[in-house]
Every structure is written in C-alpha cells, then in structure tokens.
Amino acid sequence: MNTNVTDDSGSVTRRRMLQQATAGFGSVALAAMAHENAKAEEARRSPLDPKPTHFPAKAKRVVYIQLRGGLSSLDTFDYKPELNRRGGEEPPSWAGGATNKSPKLFASPFRWSRHGESGLWISECFQHTAHHADDLCVVSSLNHDIADHVLGALYVHTGDARNPRPSFGSWISYGLGSEAQDLPGFVVVNPADAPANYGSGFLPDVFTATPLREIGRTAGVSPIPDLAINRRTFEQQRRQLALIQEQNRRYAELSPEDDRLDAVIESYERGFLMQQAYPEVLNLFQESRATLEMYGLKENGSGSRVAQQALLARRLLERGVRFVQICDGGWDTHFNLAADYPGLTGGLDKPLAALLTDLKNRGMFDDTLVVVGGEFGRSPGGEIRATPPTPPGRDHNCRGFTWILAGGGVKKGIKYGATDELGYAAVENPCKLHDIYATMLHLLGMDHRRMTYRYAGRDFTLPDVHGDVIRELVT
Amino acid sequence: MPGPMQALLDNLDILESGSKSFAGNPPRAGADAIGLKWRHDLPTNHRLLLPIAVLAGLSLASDCLAQSDATGIEFFEKKIRPVLVEHCYECHSAEAVENKKLKGGLLLDSREGLRQGGDSGPVLVPGDSNKSLLLSLLRNDPKVGKMPPKGKLPDEIIADFEKWIELGAPDPREGKIATDKYKVDFDEARGRWAFQLPKRSAPPAVNRSAWPRNDIDRFLLAKQEELGLKSVADVEPRILLRRLYFDLIGLPPSPEQIADFLNDPSPQAVERVVDELLKSPRFGERWARHWLDVVRYGDDKGGGGFNSGPVPFAWRYRQYVIDSFNEDKPYDRFVAEQIAGDLLPHSDEESRMNGMIATGMQTMGPAIGNPEEKLDERVDVLGRAVWGMSIGCARCHDHKFDPIYRQDYAAFVGVFMNSKVAMRLPSAEDQDGAIANKEFEAALKIYLKPLQGLAQLQKDARSRMGRMAIPYVPSMTEEELLARVPDKSQVVVRQQSEGIAKARDQVVELFKKSELVIPPLVIGIKEETSPPRMMQLDKKSEKGIVKTGVPRGMIRVMVHGEFPEIDQKTQSGRLQVAEWAGSDRHPLTARVMVNRVWRHLFGRGIVASVDTFGATGDPPSHPELLDTLAVEFMSEGWSVKKLIRKIVLSRSYQLATVHDPSNADKDVDDKYYWRGRRRRLEAEAIRDALLAASSNLELGPPPIAMQVATLDAEMLDALDDRHRTVYLPSLRNNVQPLMRTFDGADPLLVTGARGSTNVPTQALFMLNSNLVLRQARRMAEHLLSDAQSADDAARIERMYLLALGRSPNEKEVQNHLVFLKDWREDYAFPAEESTQIRDSWAALCQAILATAEFRYVE
C-alpha cells in the first residue's frame with residue numbers, strides 16, 4: 001500500500017491520499033490536506049463537517065438541559081415578594097381565573113437571598129448554582145400559549161407545536177456541523193419525549209439527534225445501536241474493514257468523478273473511529289475523583305439524576321460535539337411542592353453548578369452556551385388535591401416562564417424581562433422561544449435570517465417568520 | 001371596560017383572525033360591546049392573554065392634541081413621511097409591489113393605502129392611536145408583532161406616530177393606490193406553465209436520427225445536440241439487468257435470472273424482462289412504497305400522549321396501494337378512490353371496501369388533536385401529493401406565489417370539512433367498529449404472548465452479550481473486558497442464539513397457522529350527516545367585517561373548462577373533486593405523476609422539485625417532453641405500467657453511468673440525461689437485497705397476525721422477519737434504525753424525493769447490526785451447502801452473483817481466498833474447524849455486502 005502519493009500526472013489526488021492512509025485508518029486528518037478542486041471537495045464533504053460562520057462566533061457549542069415539566073421559577077430564579085406576601089389570598093381578578101385548580105395564591109415556601117455582585121435573587125433550592133450568580137443570565141419573560149406538556153415540548157424544541165419541524169439542535173448541527181470527526185454533531189442524552197422533539201424534520205436525517213439512552217441507569221446496555229463490535233474481535237473487524245475498503249477503493253477508481261464513493265470510504269473510517277471514541281467518551285471513570293465528587297458522583301458511579309448526564313455532556317462537548325441535550329424529568333410539580341422541591345432541585349443544582357465550574361476550569365465556559373429550561377413554568381396559584389388531601393404544588397403556566405442562559409457570549413449576572421408582580425405573565429420585554437433561537441444562532445456566529453433550508457418551495461429558518469436576536473442578552 | 005385596553009384587544013383580534021379562519025371569528029371593527037360577546041368562545045389559552053393586555057394597555061397615554069390641519073400636515077411631512085420612506089416603503093409601497101417585496105398586502109405610500117390597511121385588516125384608526133394596529137406594531141407589542149422587522153424605532157419616533165394618529169392622521173398624499181396589490185402577480189402566476197393544460201408536441205428533429213429508440217430519446221437528444229452534449233455508450237447488459245430489477249421490483253436478479261438474460265441473444269430480451277418484471281407481484285411492492293412516501297404512510301399516530309399508539313388497520317391501505325400498482329389501476333381512478341372511494345359507485349362489496357380503504361390516504365400523517373389543523377393537513381397532503389401544490393399557505397392569506405386565494409382554500413377545505421376520519425365496518429355503515437376491534441385485539445393476544453417471550457429472550461441475550469463485548473460499560477476498564485471476551489463468550493452466545501432461533505421458529509409457525517379472524521374493519525374517511533357545511537370567511541364590507549360562507553368547490557387555477565356542479569344543499573363536493581382530479585382538464589394531476597415516475601427511474605425529475613410545481617419549484621428541464629408524456633399518460637388510460645415501460649425501453653434509460661468531462665462541463669446541473677445516473681439503493685432495497693443475497697427472502701405479504709403483532713419495534717426485531725421491507729411497520733414514533741440510517745422517508749412529511757447520504761452510522765450498521773450479521777451468516781451457510789459450488793472459488797463466484805450481480809475477477813478471487821485462509825489461521829477462539837470455516841465465510845460475505853458496490857445501482 002505504500003506507493004507514491006503522486007499519480008501519473010504528478011498531482012496529488014485525494015483518492016490516492018485516502019488509499020495511502022486508509023490502511024492505517026488514520027487518514028481523516030490527511031484527507032483535509034488534499035483537495036484538488038473546491039467543487040469536488042464541497043461535494044465530497046460530509047454534511048457534518050464544520051461549516052464557516054456568518055460572523056465571528058462567541059459560542060462554539062451548546063448544552064441544553066431540558067427540564068421536563070417546567071421549572072417553577074417562582075421558587076427558584078424569579079423572586080416575587082408580592083406573591084410571597086400574599087400567599088393564601090385569593091388570586092386577583094385580573095389573573096383571569098387562569099386555572100380553577102388554583103384557588104389561592106401560593107407563596108414560595110423557600111428562603112430567598114441575593115447572590116454575587118450582581119445581586120441576583122436565587123432561592124435556596126439552587127444554592128450551588130447560586131455561586132455562579134454573576135455568570136447567569138436569567139430570562140424571565142418567556143411566554144407562549146400552549147399549556148400542554150406534549151405540545152409544549154414540541155414547541156420549545158422546534159418552534160412549532162403543530163407542523164413537524166426540525167428541532168433547534170438539528171438546525172444548529174445543520175448550520176455549523178460538528179467539530180468532532182468521530183462523534184455526531186447533535187447528541188441527546190436520555191431522550192424521553194417523542195422523537196419529533198429531537199428530529200431533523202425536513203432537514204437531512206444526518207442532523208437528527210443521536211440518542212444516548214440509559215445513561216446513568218442500566219449498565220450493560222449499549223447507549224446507541226450497532227456501536228459495539230458484534231461477535232467479532234477488534235482484530236477481526238480490522239481485517240474485514242481492510243477488505244471492504246479495498247473493494248470500495250477499486251470500485252471508486254472506476255468513477256473518479258463520483259465523490260459519493262469517496263464518502264462511503266470515509267464513512268467507514270469515521271464509523272471505525274466512532275466505535276472507539278464512544279466507549280472512551282462514555283467512560284466517566286476516566287475523570288478524577290475530585291471531578292466525580294464535584295458532580296456528586298460516588299466512586300462507583302452512582303449519583304443524582306443529572307450528575308452522570310452533566311458530566312457526560314461536558315466530555316462530549318470537549319470532544320467537539322456541537323450540541324448536547326440532556327433531559328431531566330420530574331418537574332411537573334402539581335402537588336406537594338414544599339416537600340418535594342428540595343430533592344428535585346437538589347438533583348440538578350449540584351451537577352449544574354459542577355458543570356459550570358468544570359467548564360470554567362477548562363477554559364470552555366466562555367465559548368460554551370449553557371441553556372436550562374422546560375416547556376413552560378409553574379403557576380403562582382397553588383394547586384391542591386382534596387382526596388387524598390395533598391399539600392399544594394403549582395399548575396402549568398405558559399404565559400410567563402424562565403430559562404437560564406450562561407457562558408458563550410451572554411451577559412453575565414443579569415435578569416432580562418419580568419413577569420407581573422405575582423408571576424402570572426410576562427409583562428416586561430416579553431419574548432418567545434424564537435427570540436432565544438435567534439439569539440443562540442447569533443452567539444454561534446450565524447445570522448438566523450441567512451441560515452436557511454429550502455423545503456416545499458420555501459426557505460425556512462430556525463425561528464421561521466418569528467423571532468429576532470435579543471440584543472440585551474448579548475455581550 | 002372601554003378605553004385603551006379594549007382597543008388593544010381589538011388589535012389582538014385582528015392578529016388572530018389570520019390563524020383562526022374557521023369558525024367563531026369575531027367582527028373586529030365593531031363596537032366594544034360586540035367585542036366582548038364573542039370572547040367567551042375563545043379557548044382558554046386565548047383568554048389567558050387578557051391580563052397581559054391589561055397591563056400593557058394601561059400604560060398607554062391618550063394625549064390628544066387639538067391642532068389645525070396645516071400644523072398636522074407639517075407634522076406629517078417632518079416627522080412621519082421620512083420615517084415611512086426610510087423604514088416602511090421597502091416592503092409596503094408600489095415599488096415593493098414591482099419588486100415583489102410587498103408584505104402583508106399593506107401599502108403605506110399613499111393615503112388610501114394606509115387607510116385601507118392590509119391583509120389583516122385596517123392598521124389605522126385616525127384619532128385613536130390606541131386602536132391603531134400600526135402603533136401597536138411600532139411598539140413591538142408582543143401580541144401583535146414587531147415593525148419594522150429590523151428593529152424597534154426610537155421611542156421619540158413612536159411618540160410622534162402616536163401624536164400624529166391622535167391628530168387624525170393628516171396625510172396630504174394624493175392619488176389612488178398605484179397598483180391593485182396582488183392582481184398583477186396572480187395574473188402572471190396563472191400564466192405559469194404548470195397551470196396551462198399540457199400539450200402534446202411532435203418529437204423534434206435530430207441529427208443523429210439513427211440513435212433514438214423512441215420519442216423520449218428524440219426529445220432528450222434534441223436538447224443534447226442543441227447544447228453540444230454527446231450521450232455516452234449503452235450500458236452493458238448485466239448492469240442493465242440489475243438496474244431494471246431494482247428500478248422495477250426493488251430486488252436484485254438471481255444468478256439464474258442473470259444467466260438466462262445474458263444467454264438470450266434475441267433483440268427482444270430486454271423487452272421480455274421488462275414485461276416479466278411489470279407482471280411480477282413484486283412490482284407493486286416496489287412502486288407502492290414510492291406512493292407511501294408521498295402520502296406519509298405510517299402505522300402509528302405519531303403524536304404524543306393521546307395521539308400516540310398504533311393506527312388500527314392502517315396496513316389495509318398499504319396493501320391497497322400495493323394491489324393497485326400490481327393491477328395497474330388507472331391512476332385517475334387510483335386518485336379518485338383516495339379522495340372519495342367511499343362515495344364512488346361500486347359494483348360489489350369488495351370494491352366498496354377497497355374504496356373505503358383508499359380514503360385511508362387522508363388519515364395519514366401525524367395525529368393532531370385539533371380537528372381544524374388535521375383538516376388543514378389532510379388538504380395540504382392531497383395538494384402536494386397529487387398536484388405538487390402547497391395549498392395550506394392560502395389558509396391564512398392569499399398564496400404569496402401561486403394563484404390560490406383564501407377564497408379557493410375555503411371552497412376546497414369546505415369540501416373536506418364535511419367528512420371525518422372514522423373506523424368502521426363497511427357492511428354496517430353506522431357501526432364504528434369499536435367492538436369488533438376490541439374482540440380482535442383480545443384474540444391477538446394469543447400471538448403476542450409468545451412473541452413477547454421471544455423478545456425477552458433476545459433482550460437477555462443482548463444485555464449479556466453487551467457485557468462481554470466492547471467496553472462501553474463504564475464500570476470496567478478496557479483491559480478487564482478484553483480479558484473476558486475469549487472462548488466463553490463464544491459458547492454462551494452460540495447457545496443463546498440457538499435457543500432464540502428455536503423460539504423464533506415456533507412463533508413464526510404459530511403465525512403461519514394463525515386462525516385469527518380479522519374483522520373487515522377499515523380506517524378511512526366518512527361523510528358526515530347532511531346538510532353539508534361551508535367554510536366561513538371574513539369579508540370586509542361597509543358595516544365592518546361580516547362572515548360569509550364560501551360555496552364548496554375546486555381551486556380555480558386547477559380548473560380549465562367547467563367544474564362539475566356541486567349541489568350545495570346536499571353534496572359536499574368530494575365526489576366532484578375526485579372526478580376532477582382525474583380529468584384531462586386538470587393541468588397538474590398527470591404531469592405530477594409522470595414526473596414522479598420519471599424521477600424514480602432517472603434519479604432526477606424533469607421538474608427536479610417533484611413535490612413543488614408552483615412558482616417556488618424548479619422549472620422543467622424538458623417541458624415539451626413532460627407535457628407529451630402527460631398527454632399520452634392520460635390518453636393511454638392513465639396506465640403507470642405503460643408509462644414505465646415506455647421510459648425504460650428508451651435508449652436514454654439504458655445508458656452507461658460513465659463520466660464524460662466535456663459533457664459535465666457543459667451540463668453543470670447534470671440534468672440533460674447524457675448518461676445513466678448511479679443511485680444508492682433505498683433503505684428498503686438494501687434490506688431486501690440483503691435478504692435476497694442470503695437466500696432468505698420470503699416473498700409475499702406476511703401473515704396478517706404477524707403484521708399486526710409486530711407493530712412494535714422490539715417485537716419486530718425479535719421476530720427477525722424475512723419479508724420484504726415494505727411490509728414492516730412504519731412507526732412514526734419509533735422509526736426503524738435501518739430507515740433512519742439509510743434515509744427512509746420521514747412518515748411525518750411528504751417525500752417525493754428521498755435523501756441519499758453516506759454517513760458513519762451506515763458503516764456501523766453494516767459492520768455491527770444484527771440484521772447484516774444474520775444475513776452474512778445465512779449467506780455463508782447457503783454457500784457452504786450449495787451443491788453446485790464445488791470449491792471456494794466457485795462459492796466466491798456465487799457470492800458475487802448473489803450480492804453484486806457480477807462475477808469476480810481473478811484478483812478478487814485470489815484476495816478472498818487469502819482472506820478466508822488468514823481468518824481461519826488467526827482464529828480468535830478455539831473452535832471446531834467447521835465453525836471456523838463457516839465464520840470465515842460469514843466474515844467474507846459480510847464484507848462484500850458492506851461494500852459501496854452492493855448499495856449502488858449503476
């Protein structure tokens with residue numbers, strides 16, 4: 001295989017280069033060096049290759065922590081002294097009888113204090129995260145009109161609760177590609193909603209999220225299909241692969257102009273690399289004990305719901321995955337909030353704080369956009385159940401809810417927008433998920449109006465016809 | 001509660017009228033009192049908006065100034081006009097109309113335009129800034145929208161506008177609205193080729209008159225000659241055979257079929273093969289799938305919560321489509337049945353049931369809770385599948401590009417709003433079939449139980465194998481794991497797989513002997529009770545906005561001549577639409593289908609955007625050819641088989657895929673058909689070809705009980721079904737890895753042209769998936785037991801014919817013999833020789849199945 005790299009005419013061809021390198025499966029780096037002409041290169045490129053941004057990016061990657069059921073901002077990041085004063089009172093008439101299940105205003109049962117130089121109000125539920133107060137950007141004026149979990153989730157993931165659209169992770173993966181040669185651009189850890197939430201919609205399938213399932217749950221189950229070498233040893237598969245690639249190269253030689261055949265060859269190289277990369281990235285035990293502890297993981301790997309996911313997210317981001325989503329359930333807190341919330345939030349608080357610290361320690365915080373939020377928020381009115389008698393929780397509230405952003409070029413230590421004095425609805429700088437999408441793209445160096453995909457005769461964008469960059473959130 | 005708050009609410013209504021176009025739309029320019037009455041009808045979500053409006057509304061100042069006209073006009077000239085010019089005219093002026101940039105049908109460059117308002121109604125109420133949508137937009141009121149889109153104007157300017165409106169919006173600009181906003185565009189759009197009736201053209205004269213075999217060739221050659229392109233050589237026969245097999249029936253030719261064809265010297269050999277393939281029941285299985293892509297066939301509801309779970313009896317529709325293509329049902333009839341099969345006259349019970357099944361097309365797509373949305377979706381699928389037109393756009397506004405008005409949408413949707421999705425027994429129409437379905441589900445349990453047991457066995461084995469395989473288990477180091485992999489795992493894996501195979505055989509037997517009675521339940525469309533309703537549209541009149549029922553009918557641009565009359569008192573019009581769809585006076589039905597067929601055979605449509613024939617689609621590369629084929633398609637009885645036959649017997653279809661740089665330079669978009677197009681097999685064809693190569697394909701549909709019981713990905717995998725892929729369930733909420741990996745059609749979307757990617761997950765699939773490993777092992781067993789293959793070289797020969805449709809060359813044979821030998825010599829585990837031999841062959845077969853050559857058809 002060790003022939004000269006130049007062909008008969010003396011020019012270096014890409015295929016020769018591949019031919020050379022494939023024997024050792026190390027050609028990916030070399031491949032980038034060889035482009036005879038731009039067009040062929042373009043056609044050959046994997047759709048997941050990194051793509052140029054429209055303008056310099058502040059964020060290079062995103063981690064989205066999905067809180068299924070919705071964060072109760074009134075107990076965490078959206079301090080409402082008026083609500084807390086009036087707990088037990090009737091809701092005001094203008095609340096419009098938002099839900100008949102909420103007869104009384106429900107004061108937050110938690111202690112609140114200001115944190116950091118910014119003085120952001122954060123409740124005791126997020127005491128660890130509160131150490132990062134001066135790096136948080138609390139957006140408190142999100143709103144929409146879908147009070148249903150299933151449709152709400154679809155809406156926050158895709159911007160449309162009715163028509164199938166690509167999820168925002170897919171859009172970002174489509175627009176920017178992946179920095180990782182051996183990992184996908186968009187990974188969802190422990191997905192729990194319908195696939196459309198993580199799907200690529202009308203974008204090509206390669207931008208669909210790669211789900212990693214059962215992380216932190218069942219040992220011994222492969223997190224993605226067909227990853228493990230199946231009934232062969234590593235050496236055996238290498239031998240097979242050499243044969244496959246030899247056949248492929250010979251086949252491709254007959255049609256030097258057809259770059260798709262090169263793409264097949266390359267897909268095997270990348271697949272082979274992935275096969276090695278995944279077990280490696282999934283092996284959290286490569287982390288130091290201090291790191292494991294910081295995330296709240298014990299030596300044997302057990303820990304809170306989010307701990308393994310958060311640490312895995314960092315490892316994926318570190319290796320160049322563009323968009324990692326981790327999914328946490330249990331936030332649909334209709335009842336018994338005072339008793340349940342400390343445990344629920346505690347399962348997120350420590351790993352979240354650890355993730356922020358970890359990113360900072362590794363110099364990744366400034367170009368990693370961290371996003372936390374669910375399909376909506378929770379109501380100011382308490383929801384109770386008569387039989388069996390159950391202490392109050394909060395009902396769905398889609399009219400004003402909070403997401404947290406941090407890192408990656410967002411302003412630090414600010415609260416943007418506000419709900420009314422009781423937390424019913426966004427009144428100051430109300431914004432939509434579409435605005436957040438546009439802002440995310442902006443931070444990633446993309447103009448949301450120019451990042452388009454043509455489908456059904458129309459150029460679609462991620463925020464579609466809605467939404468614009470919220471300048472106030474951007475440094 | 002009069003005053004500013006109400007005004008804001010009024011504006012809010014204007015906005016919503018765009019999306020709530022069905023029922024209960026309020027008269028929006030009316031008095032406050034009217035405004036309050038209807039609001040109770042709004043869904044809760046909309047009522048929830050009230051407090052926001054209250055808070056925002058209260059902050060508005062009503063700072064009314066009394067000033068003389070002259071001052072007002074001066075104010076306009078100084079403060080208002082420059083802003084309009086700078087920030088608004090780009091999209092809201094006569095010039096914008098000319099530049100086709102007009103937005104929202106709103107003209108702000110004349111007094112009249114400003115007063116009249118746009119698509120969503122008036123924007124200005126002189127003297128009352130709080131009632132003026134214009135101001136809410138400038139303020140970026142979240143309930144209304146943001147203008148200008150590029151960013152909010154400074155507060156001083158907004159204050160100026162407020163003041164100006166309070167002044168009575170003095171506006172000295174004279175003159176009528178320069179242009180009738182849309183009319184020009186629509187007239188132009190009507191003239192678009194796609195809306196003209198197709199015309200037959202005589203084939204053009206060509207220089208190389210001996211080259212063409214039929215008129216298709218003459219049309220294509222004429223264009224090539226015009227552009228200085230020279231078509232490449234004819235493809236060699238064995239490649240042509242493989243192409244024909246995959247294109248027509250989606251399967252590779254068997255070694256025997258290859259031999260027969262290559263040994264047939266007659267000039268009619270190709271024709272004979274084509275006719276055989278068109279007659280094969282496999283033809284329908286192949287071509288049905290193309291149609292199922294377009295109507296987004298799926299076996300589950302695809303939504304969340306209540307809208308998830310299997311769609312009962314969806315498979316009947318799939319079988320109907322397969323049968324229809326096999327019977328060569330005239331396409332006009334095929335379409336008519338899918339629109340109104342329940343209403344068409346039927347000669348017997350079976351045809352009646354088929355008619356009802358056919359309407360299942362309208363039940364496809366994701367389940368949507370909101371009936372209006374679902375209706376919109378039904379209509380939009382129909383428009384795009386049959387006519388290549390997005391009709392849905394016109395739901396909220398006149399179509400921006402194509403001559404489809406809201407009026408058309410209302411008329412057309414009115415036709416379909418009088419029917420609903422229903423499950424029923426065709427013999428007793430008033431029964432919804434729920435009881436029969438329940439009984440059926442109960443009976444099915446006998447079959448589900450052993451299948452579930454099998455799945456559990458599989459699952460156990462998988463997790464055990466998982467622990468022994470590569471170290472993705474974080475609790476072990478790589479060394480630890482590798483140390484554990486050897487011989488023991490081999491033994492365990494084998495024992496397990498034997499147990500599983502036994503259990504599987506038992507389940508399959510059970511299904512084959514199934515005595516399950518399938519009730520004649522159908523899911524489709526059912527006409528609702530008369531009298532039929534009309535869709536209501538808002539109309540502007542002097543009294544404000546009034547509701548007007550729109551008579552049901554066809555989209556006007558799709559009608560040449562007289563559309564059959566609908567008795568508005570008694571008929572929904574669905575029957576008439578069905579009839580019209582297959583009329584030769586419909587400009588699109590035949591063209592769109594001809595183009596779809598062409599695309600599947602040539603890899604590129606004459607209109608490349610196969611699902612979009614409107615103004616935003618691609619122009620046809622060969623309009624006369626497309627038209628001529630469309631006219632012939634209609635005059636030859638709408639026969640899909642005749643059309644396919646004509647195309648594949650053209651010389652152009654039978655060209656080699658070789659490259660020609662000089663042609664390629666002249667034909668940058670590769671659209672002039674001077675060579676064949678190498679195409680990657682679709683997901684279904686890849687699996688079918690794997691099964692065929694391993695001689696494990698079971699032809700024909702699986703037992704119904706099996707089809708129904710495997711509406712679950714895990715069951716399906718456990719069963720290891722060997723039937724053609726088209727029969728496997730298509731689960732929207734659980735898309736099979738094969739489909740996802742190899743660009744299967746998304747069962748949520750209309751897909752006339754699938755993607756074709758080459759990505760690493762495909763490599764992993766070919767290297768590690770159970771499906772491929774199983775087929776490789778079976779193929780090895782087949783080769784080793786094949787009496788005609790005397791030695792390894794002969795087996796390699798047969799392997800190549802099965803997998804690639806060709807013989808290996810000398811070098812390949814030698815290479816593979818070495819591969820087999822090396823594999824055995826370095827065998828990783830102590831094992832019997834026969835095991836080693838079988839495994840080495842399995843490894844070789846898998847490698848060949850994994851090649852690019854296997855998955856590309858030349």
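Because only heavy atoms are used, hydrogens play no part in the values below, and waters and symmetry mates are left out as well, while side chains stay in. Numbers restart at 1 for each chain; the letters A, B, ... are given by sequence-line order, proteins then strands.
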Do NZ/NE/NH1/NH2 and the carboxylate oxygens of A:E257 and B:R675 come within less than 4.0 Å? yes

Less than 4.0 Å between a side-chain N and a carboxylate O, is that true for A:D468 and B:K146? no

Counting only heavy atoms closer than 4.5 Å, note whether [X] contacts chain A via side chain, backbone, both or neither.
X	answer
B:R754	neither
B:I848	side chain
B:K811	side chain
B:D611	neither
B:P149	backbone
B:S609	neither
B:M739	backbone

Toward chain B, the part of [X] with a non-hydrogen atom under 4.5 Å:
X	value
A:R250	side chain
A:F202	both
A:N397	neither

Does the side chain of [X] reach to within under 4.5 Å of the side chain of [Y], using non-hydrogen atoms?
X	Y	value
A:R239	B:D822	yes
A:S255	B:R678	yes
A:F272	B:L764	no
A:I244	B:L767	yes
B:M766	A:Y268	yes
B:T851	A:V264	no

Taking the cut-offs as 6.0 angstrom to the six-membered ring centre and 45 degrees off its axis, would you call B:R740 and A:F207 a cation-pi pair? no

Let me see the working for A:Q236 and B:D826 under side chain to side chain donor-acceptor pair (under 3.5 Å), right down to the final yes or no. CA-CA 9 Å; A:Q236 283 180 328; B:D826 298 344; over 6 Å; no

N/O donor-acceptor pair under 3.5 Å between B:N768 side chain and A:D226 backbone: yes

Nearest 0.5 Å please: distance from the OG atom of A:S200 over to the CG atom of B:L749. 8.5 Å

Which heavy atom in [X] sits nearest to a heavy atom in [Y], and how many Å separate them?
X	Y	answer
B:A763	A:G271	CB-CA, 4.5 Å
B:A847	A:L243	CB-CD2, 3.7 Å
A:R270	B:P760	CB-CG, 3.4 Å

Audit row: A:D258, B:H659, side chain to side chain contact (heavy atoms under 4.5 Å, CB included) steps and yes/no: CA-CA 9 Å; A:D258 192 340; B:H659 185 60; over 6 Å; no

Could you tell me which residues satisfy side chain to side chain donor-acceptor pair (under 3.5 Å) with B:T612, sequence neighbours excluded, listed by chain and number? none

For B:F854, what residues pass the ring pair (Phe, Tyr, Trp, His ring centres under 6.0 Å) criterion, not counting sequence neighbours? none

Scan side-chain atoms only and decide if A:Q240 and B:Q846 contain a donor-acceptor pair under the 3.5 Å cut-off. yes

